[in-house]
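First the structure, in the form of structure tokens, and then the observations on it.
Just so we're on the same page: letters track the sequence lines, and every chain starts at 1.
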Amino acid sequence: DAGVIQSPRHEVTEMGQEVTLRCKPISGHNSLFWYRQTMMRGLELLIYFNNNVPIDDSGMPEDRFSAKMPNASFSTLKIQPSEPRDSAVYFCASSDRVRSPLHFGNGTRLTVT
Amino acid sequence: AQSVAQPEDQVNVAEGNPLTVKCTYSVSGNPYLFWYVQYPNRGLQFLLKYITGDNLVKGSYGFEAEFNKSQTSFHLKKPSALVSDSALYFCAVRDEVSGGYNKLIFGAGTRLAVHP
């Protein structure tokens with residue numbers, strides 16, 4: 001299995017631009033999670049889906065952030081407009097059962113200038 | 001509310017010596033506990049988990065963890081450290097209020113440095 005695939009690996013953009021991060025979970029996994037990692041705040045859960053349905057988006061910092069999961073094999077996290085404080089590494093993770101570990105992608109490093 | 005604490009920002013150990021990375025947790029029910037490792041520019045990798053059963057859990061790369069209910073701890077251990085074990089280690093607990101979902105609460109992480 002190829003694991004969780006995220007793209008792009010790196011994204012550099014200017015403040016005010018729209019940014020879209022992409023994730024392909026492991027085939028057969030029915031839960032998908034978006035995390036953000038920064039030095040200051042560590043790992044923060046932004047949103048998670050189960051069977052393509054958003055379950056909890058309370059971690060999404062602002063209305064500028066939105067996430068979708070149109071089907072079982074694809075999810076996006078969009079930031080519009082982006083701000084320098086959004087600079088972080090964004091991880092996608094998936095799992096197949098409640099007691100199973102999460103499988104993480106290698107992340108997207110976002111830099112907003 | 002559930003929480004996870006990793007009291008040490010960094011642990012330094014000499015190669016060949018035993019290592020311990022500490023984790024304590026707070027949950028109201030039975031805990032589901034996990035350890036993950038993160039190497040530079042990579043995602044988190046699963047090391048081991050405790051759900052029920054034997055208090056000593058064995059995982060990947062020779063790591064093990066001891067679940068202690070009375071001390072609410074789940075320390076990560078390895079008998080003989082390798083330089084290649086140097087990485088960032090995260091302890092996590094499943095969020096009980098997430099219902100049937102696998103939402104994890106992560107600790108702040110502990111950086112392990114193994115010196116030759």
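- Neither the backbone nor the side chain of R41(A) comes within contact range of chain B, judged by heavy atoms closer than 4.5 Å.
- Using a 4.5 Å cut-off between heavy atoms, Q6(A) makes no contact with chain B at all.
- Heavy atoms of L44(B) lying under 4.5 Å from chain A belong to its backbone as well as its side chain.
- Interface summary for chain B: among G42(A), P101(A), G105(A), the most heavy-atom pairs under 4.5 angstrom belong to P101(A).
- Pairing each heavy atom of M15(A) with each of P84(A), the nearest pair is SD-CD, 3.5 Å.
- Aromatic ring pairs are classed by plane angle as parallel below 30°, tilted from 30° to 60° and perpendicular above 60°; the pair H29(A) and H103(A) is tilted.
- L45(A) touches chain B through its side chain: at least one heavy atom from C-beta onward sits under 4.5 Å away, while N, CA, C and O do not.
- Counting heavy-atom pairs closer than 4.5 Å to chain B, the top-ranked of the candidates V89(A), N50(A), L102(A), N30(A) is L102(A).
- Atom OH of Y90(A) is separated from atom CG of L110(A) by 5.5 Å, given to the nearest 0.5 angstrom.
- Heavy-atom distances place no part of Q45(B) under 4.5 Å from chain A, backbone and side chain included.
- Aromatic ring centres of Y89(B) and F63(B) lie closer together than 6.0 Å.
- Between Y36(B) and F90(B), the distance from one ring center to the other does not fall under 6.0 angstrom.
- Ring orientation note: the planes of F106(B) and Y35(A) are nearly perpendicular, at an angle over 60° on the 30°/60° scale.
- Contact of L88(B) with chain A is made through the side chain alone, with heavy-atom distances under 4.5 Å.
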